[in-house]
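Working notes, beginning with the structure itself.
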Amino acid sequence: MTETTWQTQYAQSYMGIFGTPQLELVRGEGTRVWDANGAEYLDLLGGIAVNSLGHAHPAVVAAVSEQLGTLGHISNLFTSPPQVALARRLLELAGAPEGSRALLVNSGSEANETALKMALSHRPGGRMVALEGAFHGRTLGALSLTWKPTYREPFAPMTGNASFVPPNDVAALESELASGGVAALFIEVIQGEAGIYPLSDEFVQAARELTERHGALLVIDEVQTGAGRTGEWLAHTRYGITPDVVTLAKGMGGGFPVGAVIGYGAAASLLSPGQHGNTFGGNPPAAAAALAVAREVEGLLGRVAEVGERWREDLRAVPGVVDVRGRGLLIGVELDRPSAPIQAALLSAGIITNSVNPTTLRLAPSYLISDDDADRFTRALTSVLA
Ligand SMILES: *Cc1c(COP(=O)(O)O)cnc(C)c1O
């Protein structure tokens with residue numbers, strides 16, 4: 001379709017919440033996507049940290065197609081082998097203690113909604129604490145934990161009754177929890193939408209100790225950092241703590257919409273029969289997709305860590321880059337100037353990134369990205385900034 005046609009048709013049919021899309025894409029393979037005119041793009045955003053194995057990965061395509069052709073959807077009045085296999089696999093990968101349980105959902109927001117209900121069941125009428133800069137989703141409960149006032153204010157009052165403390169400020173967290181009534185603290189160990197800001201070891205450890213001391217749940221939102229994105233299956237494991245709840249989505253389905261909630265130990269039984277539910281959660285094709293991703297990612301974790309480390313090192317040397325943050329293949333490249341025009345120039349040069357905050361580009365590509373593709377970005381950024 002010509003540019004004006006698809007843009008006009010989009011504007012006249014799709015709710016105007018995302019602005020005008022930059023491209024209309026028709027095909028993807030590996031780290032590449034194509035538009036209808038055959039223009040090729042190197043996709044370094046991966047559908048916002050979703051396409052962990054790139055586009056059209058044969059293992060995901062085969063798993064989903066075979067499952068759809070065998071048993072597609074059955075509702076949660078029934079279960080299926082892939083649903084149970086995935087729940088077992090997720091608990092194993094999380095290293096969750098005896099008694100832990102998983103629940104399968106459809107998105108990151110829904111995973112956080114579930115965690116919110118678990119928290120309210122843990123402390124009825126309790127309030128939530130989240131961090132300044134946090135992003136936990138756009139549905140009403142998850143939105144109440146999301147920092148940006150412009151996202152929240154039009155929809156007040158918020159259901160989650162949340163207060164926000166500055167990240168990495170242990171004293172502020174301590175006084176907030178000590179003031180009482182907190183049902184849960186929600187954190188991302190690397191704040192994704194804020195611009196790829198990792199929390200300090202000290203803060204994450206204090207978050208565990210303080211929530212435990214004050215009887216609040218520690219919920220770790222791994223929607224963006226989980227499923228191997230940082231070089232570990234779950235990013236929080238390197239802090240040496242055990243949370244009460246972990247939420248997952250984005251990368252775990254490799255492009256198929258699927259999410260999960262893991263309740264660790266006692267937190268696994270906070271919701272009793274009839275207190276929660278969904279229609280699609282963990283249906284056979286979604287579970288099959290996530291099982292295929294988990295199988296493939298297991299062998300890629302070392303590579304994700306290595307490629308990411310080398311890439312960040314190279315990016316630090318690019319003139320105009322003032323900071324490079326992140327772990328594994330979740331990378332924030334902070335520039336000495338506004339990032340939106342740089343993102344646009346890179347797109348014109350055939351490279352997809354996003355401007356995650358006014359001065360930071362985000363990279364969240366396929367775990368199978370080649371060294372050559374990483375180098376191509378480093379060279380393109382160098383020339384665009386010059
Ligand atoms: C994207 C994201 C969400 C929301 O996930 P959706 O699938 O868009 O609902 C929640 N938390 C974090 C950390 C995210 O990055």
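Just follow the structure's listing: the first ligand is 1, and inside any ligand the first atom is 1. Here, residue 1 is the first one in the sequence, and each next residue gets the next number. Note that this is a predicted model, so its numbers are computed, not measured.
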| remark: Taken in chain and number order and not counting sequence neighbours, the residues that satisfy ring-ring contact (aromatic ring centres under 6.0 Å, His included) with Tyr14 are Tyr10
| message | Residue-level breakdown please: for Glu188 versus ligand 1, do any non-hydrogen atoms fall below 4.0 Å on the side chain, on the backbone, on both, or on neither? | response | side chain
| note | Checking heavy-atom distances from atom 8 (O) of ligand 1 to each of Ala49, Ser109, Gly226, the winner is Ser109
| said: Give the atom numbers and elements of ligand 1 that come within less than 4.0 Å of a heavy atom of His136. | reply: 10 (C), 11 (N)
| task | Using a strict 4.0 Å cut-off to heavy atoms of Gln224, name the atoms of ligand 1 that fall inside it. | result | 15 (O)
| request: List every atom of ligand 1 that sits less than 4.0 Å from any heavy atom of Asn112, numbering the atoms from 1 in the order shown and giving each element. | output: 10 (C), 11 (N)
| Are Gln191 and Arg325 close enough that a side-chain donor and a side-chain acceptor fall under 3.5 Å? | no
| Nearest protein heavy atom to atom 11 (N) of ligand 1, by residue and atom, and its distance? | Asp221 OD2, 2.7 Å
| said: Set out, in order, the CA-CA distance, both residues' side-chain angles and the distance that settles side-chain contact (heavy atoms from CB on, under 4.5 Å) for Gln83 and Asn76, then state yes or no. | reply: CA-CA 10 Å; Gln83 185 181 60; Asn76 280 310; 3.0 Å; yes
| query | Is there a salt bridge (charged side-chain N to carboxylate O under 4.0 Å, His left out) between Glu174 and Arg213 once you walk through the steps? | reply | CA-CA 10 Å; Glu174 181 154 26; Arg213 187 184 313 158; 3.3 Å; yes
| Short list, please: which atoms of ligand 1 are under 4.0 Å from a heavy atom of Ser107? | 7 (O), 9 (O)
| message | For Arg88, I'd like to know if atom CZ has over 12 heavy atoms of other residues, nucleotides or ligands within 6.0 Å. | response | no
| Which heavy atom of Pro365 sits nearest a heavy atom of Asp43, and at what distance? | CB-O, 4.2 Å
| message | Which residue is it: His136, Gln224, Lys148? I am looking for the one with a side chain to side chain donor-acceptor pair (under 3.5 Å) to Glu193. | response | Gln224
| Tell me, which protein residue and heavy-atom name are nearest atom 7 (O) of ligand 1, and how many Å apart are they? | Gly108 N, 2.9 Å
| task | For Lys250, counting its heavy atoms only, list the atoms of ligand 1 lying under 4.0 Å from any of them. | result | 1 (C), 2 (C), 3 (C), 14 (C), 15 (O)
